[in-house]
Protein chains: 2
Amino acid sequence: MTIDEILDNIHPLPAASKQTIKQYITAVSYPRGHILFQADRIKMTVYFIKKGFVRAYAHQGDHEVTFWFGKEGEPVISMKSYVESQKGYEDVELLEDCELYELNATDLQRLFQEDIHIANWGRRFAEQELIRTEERLISRQFRTATDRYKELLKENPDLVQRVALGHIASYLGITQVSLSRIRAEIR
Amino acid sequence: MTIDEILDNIHPLPAASKQTIKQYITAVSYPRGHILFQADRIKMTVYFIKKGFVRAYAHQGDHEVTFWFGKEGEPVISMKSYVESQKGYEDVELLEDCELYELNATDLQRLFQEDIHIANWGRRFAEQELIRTEERLISRQFRTATDRYKELLKENPDLVQRVALGHIASYLGITQVSLSRIRAEIR
DNA sequence: CCTATTATTTATCATTTGTAAAATTTTTCT
DNA sequence: AGAAAAATTTTACAAATGATAAATAATAGG
């Protein structure tokens, strides 16, 4: 997925504005296991996934709880950093070797003040993250772990193949044993 | 809480821009029980609570599940309507007689195209809703019902007094019986 | 102030989910 | 291919939660 597609997909930009924003975007690659964001650090960076899988997780006492998976075409931010320049909850880890587009959020904030099209692009970006986040909340509040697992299987069959079951179980809010039981039932 | 305070609290606006936006805002009052948003209707309106309590809930089979409470100073939107002009999940009901500020989102969208300060105000508005929504998700995913009830008690003691326990229980994702057990334990 | 209604708590039992450990399967490395 | 390591599933039991119904408490209307 190209950076043009990703940018336009969020909100179409006039050619000049798109050129402006693209000046601040670079392509980067990191290996599986690389930590993109750390819970205890503010990092004013926006990534877009060109290729690969990513997960966000938080430390909960002795174990870690995965609460987001990201795939090709999706943005990766630490919301608290991006929005409030504060530390967030999460580490973000690459689940496989990834190609990413990188954009410094401080540069972006300056562009928001200078270009109304970029300001509205940034608004749409936040709005779309808002909808995604609400959907995750609704899914969590209204669907059973079994249903949510089935949905994950359907939407991201490759992810379920490649990611450790423990991560998926914590994402679903259940133990790995329970997830095994679910898998046994729907087989 | 005045509309000026609410607007500036989201993001400071130059006097001219604030005047522009205020032209589209009206003060309205509705009685307890009034339905502000309906799940099956698109409603392009933004409200801000001047005074009162509000809840959002969705129908889950035969019973309803409350998933948000709003109080003085907070915005009330149907996110799917506001962001995507689509039907959302929720009904929004006034829990007591309320005074509200009302703003047509279609007008607002036009202003976004015309005034960069208002565009950035709209961006900050979405970003703040994003942080709020993420916090709700994190709270749900990482804290026990008991902890979340204690937090609700602390943050909104008056709400816990005035709202039916069934609503609070469904908000916490447990049954009313379980909530009664929790209350008995922490007493 | 009393009664009817509604809301909340308590009790009992069934079901679900978790914990811990063992068994099995899959993956990795030589 | 075969051994070692890691991941997943299964088992047995304990703990937590839900469902239902009964008991108690709170609220509203006359």
Side-chain angles (χ1 to χ4, degrees), chain A residues 31-33 52-53 55 57-67 69 93-97 139-153 156-187, chain B residues 31-34 53 55 57-67 69 93-97 139-153 156-187:
Chain A
R32 173 193 169 108
F53 277 122
R55 77 172 176 120
Y57 61 96
H59 293 277
Q60 176 74 330
D62 52 341
H63 62 158
E64 44 182 60
V65 179
T66 296
F67 65 97
F69 292 110
E93 177 198 26
L94 305 190
L95 292 170
E96 38 187 63
D97 297 351
S139 162
R140 219 188 145 68
Q141 188 142 10
F142 290 93
R143 301 207 189 135
T144 63
T146 303
D147 283 349
R148 301 208 302 128
Y149 177 68
K150 285 180 186 167
E151 189 181 321
L152 200 63
L153 262 184
N156 296 51
D158 36 357
L159 187 147
V160 177
Q161 291 300 323
R162 289 188 241 172
V163 174
L165 220 45
H167 295 160
I168 296 173
S170 75
Y171 176 75
L172 298 173
I174 57 178
T175 61
Q176 184 167 330
V177 173
S178 286
L179 179 53
S180 263
R181 286 198 267 247
I182 288 171
R183 282 157 65 104
E185 273 168 27
I186 70 180
R187 197 179 304 135
Chain B
R32 173 192 169 110
H34 178 79
F53 276 123
R55 75 172 177 120
Y57 60 96
H59 294 277
Q60 175 75 328
D62 52 340
H63 62 160
E64 43 181 60
V65 179
T66 296
F67 65 98
F69 292 109
E93 177 197 26
L94 305 190
L95 292 169
E96 37 188 62
D97 298 351
S139 162
R140 224 190 141 67
Q141 188 143 8
F142 291 93
R143 302 209 188 134
T144 64
T146 304
D147 284 348
R148 302 210 299 128
Y149 177 68
K150 284 181 186 166
E151 189 182 322
L152 200 64
L153 261 183
N156 297 53
D158 36 357
L159 186 147
V160 177
Q161 291 300 322
R162 290 186 240 173
V163 173
L165 263 199
H167 294 161
I168 295 172
S170 74
Y171 175 77
L172 297 173
I174 56 178
T175 61
Q176 182 167 333
V177 173
S178 287
L179 179 53
S180 261
R181 285 198 270 245
I182 287 170
R183 283 156 66 103
E185 272 168 27
I186 69 179
R187 196 180 303 136

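Given the structure is predicted, the values throughout are model-derived calculations rather than measurements. Each chain gets a letter, A, B and so on, in the order the sequences are listed, and its residues count up from 1.
- At whole-Å resolution of the value, CD1 in Ile182(B) and P in dT9(C) are 11 Å apart.
- Side-chain N/O atoms of Arg181(B) include none lying less than 4.0 angstrom from OP1 or OP2 on dT10(C).
- The structure places OG1 of Thr175(A) at 6.5 Å from CZ of Arg181(A), a figure rounded to the nearest 0.5 Å.
- Atom-to-atom, NE2 of His63(A) to C1' of dG18(C) comes out at 12 Å; the value is rounded to the nearest Å.
- Put simply, the side chain of Gln60(A) gets close to the backbone of Phe142(B): a donor and an acceptor are under 3.5 Å apart.
- Of the candidate nucleotides dA19(D), dT11(D), dT8(D), dA19(D) has the atom lying nearest to any side-chain atom of Val177(B).
- Scanning both residues, Gly173(B) and Arg140(B), for their nearest heavy atoms gives CA-NH2, 3.6 Å.
- When every heavy atom of Tyr171(A) is checked against every heavy atom of Phe69(A), the shortest pair comes out as CG-CE1, 3.6 Å.
- Residue Arg183(A) has its side chain nearest to dT9(D) when only dT9(D), dT8(C), dT10(D) are considered.
- A close approach under 4.0 Å does occur between a side-chain nitrogen or oxygen of Thr175(B) and OP1 or OP2 of dG18(D).
- Within the 4.0 angstrom heavy-atom criterion, no nucleotide atom of any strand lies near Leu179(B).
- Distance Tyr149(B) OH to dT8(C) C1': 12 Å, rounded to the nearest Å.
- Taking atom CG of residue Leu165(B) and atom P of nucleotide dT10(C), one finds them 12 Å apart after rounding to whole Å.
- Rounded to whole Å, atom C1' of dA7(C) lies 12 Å from atom NE2 of His167(B).
- A donor-acceptor distance shorter than 3.5 angstrom exists from the side chain of Ser170(B) to the backbone of Thr66(B), with no hydrogens or angles considered.
- Neither OP1 nor OP2 of dT8(D) sits under 4.0 Å from any side-chain N or O of Ser180(A).
- If you measure from atom CD of Gln161(B) to atom C1' of dT8(C), you get 14 Å, rounded to the nearest angstrom.
- Counting to the nearest Å, the P atom of dT9(D) and the CD1 atom of Ile174(A) are 12 Å from each other.
- Separating the CZ atom of Arg32(B) from the P atom of dA28(D) is a distance of 9 Å, rounded to the nearest angstrom.
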